[in-house]
Amino acid sequence: MSASNPQILFVDDEPNMLEMFGRMIERETDGWRGHYCASAEEAMTAVAASEFDAIVSDIRMPGKDGFELLAALRSSERAQRIPVIILTGDCDNRLKQKALELGATDLLNKPVNRDEFFARVRSALKLKFYEDQQSEQIGILDQMVRERTRELEAAHQEVVWRLAKACEYRDDETGNHVVRVACYSRLLAQGLGMDQDFVDLVFLVSPLHDIGKIGIPDSILLKEGKLTPQERTVIERHTVIGREMLSGNPKAVAACGLTDIAHLFQAGGPSRNPIIGMASLVAQGHHERWDGRGYPQGLAGEAIPLAARIVALADVYDALLSKRPYKPAFSQEKSEGIIQEESGHQFDPAVVTAFFEHVDAMRAVKDQFPEPSRG
Ligand SMILES: [Fe+2]
Ligand SMILES: [Fe+2]
């Protein structure tokens, strides 16, 4: 809308009335633009095609009447904010009441008094102008908030991926492992019918599943031969170290003098930040087994957080398909066979079902993110 050239739609079946409105605005305003319709139907067509700043409508018209026009305008997304002034007879109190109930902005008595006409239309235009300004401001703020949120999300993602990358440097064998685990986990979460927030979160945090390996000595982490039982116990601690890294210990944080961030950590529990909270559950739980024979807690079934059950399968599937110091890369058939055999033992049967329902997409991930060739 333009404040100086408001577009006003007049709706009346009497040509004399339309002419009178036309004459009044032509003679007495500078720049108001009149549009004239002889029926409610014609007015709805005009409203669908053009922008108006106010509508002045009669009630009694052949075909649809002014009330029906008003109801149609108020239920139309496009037109619901246009102020509508309804023309009523001086003593039609019932009709006035009905018009206001249906959402009329204002009423104008018939016969039309010139001063009253201009006063009513001016105030309707002012209302429309302020509402337009307000919704424009809201739109700008909305856009700003969305952009800031996108930036923050991108920053979160970048930090998480770089952290996962940092961890990869410790463990030379992994290559694109964490990227594939993230993609597999996303497919499995989608296959399980989880909502988009959960799917995005699993995708984001799954690269951090082995972050706790940062705390394992090189002599054990990079050892080529068979691990002793003691060394195995040390390796298994990467789950607990991962959880501790991601949940934090408020006392330790406070002891470092970082009292201003100590409140970010709940005593002994996961972070309040949903990303770090889920990352912590996954770091701790991705070696648990459905049958309860996993580590570090020996949790079974649904006591294991779902995100950890998802990442557990994604992680093992990728390890099966990849060459590791202790095994060659297995074929798709062999790897899928092992996943199937482990349903209800190592893996949640529901996650295995989701895996086979999306097996083509799962297979495609390996081609999309192959192991970089080592020179
Ligand atoms: Fe692990
Ligand atoms: Fe892994």
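Whatever order the structure lists ligands and atoms in, that order sets their numbers, starting from 1. Please read these numbers as outputs of a predicted model, since none were measured by experiment.
- The NE2 atom of H209 and the NE2 atom of H177 subtend an angle of 100° at the Fe ion (ligand 2), given to the nearest 10 degrees.
- Around the Fe ion (ligand 1), the angle linking H286 (NE2) with D210 (OD1) is 90°, rounded to 10 degrees.
- H287 and Y295 have parallel rings, their planes meeting at less than 30° on a 0 to 90° scale where 60° marks the start of perpendicular.
- Under the 30°/60° scheme for interplanar angles, the aromatic rings of F10 and Y36 are found to lie parallel.
- A cation-pi arrangement, defined by a distance under 6.0 Å to the six-membered ring centre and an angle within 45 degrees of its axis, is present between R186 and F203.
- Looking at H287, its N, O or S atom nearest to the Fe ion (ligand 1) turns out to be NE2.
- Stacking of K334 on the aromatic ring of F330 is recorded, both the 6.0 Å distance cut-off and the 45° axial limit being met.
- The N, O or S atom of D315 with the smallest distance to the Fe ion (ligand 2) is OD1.
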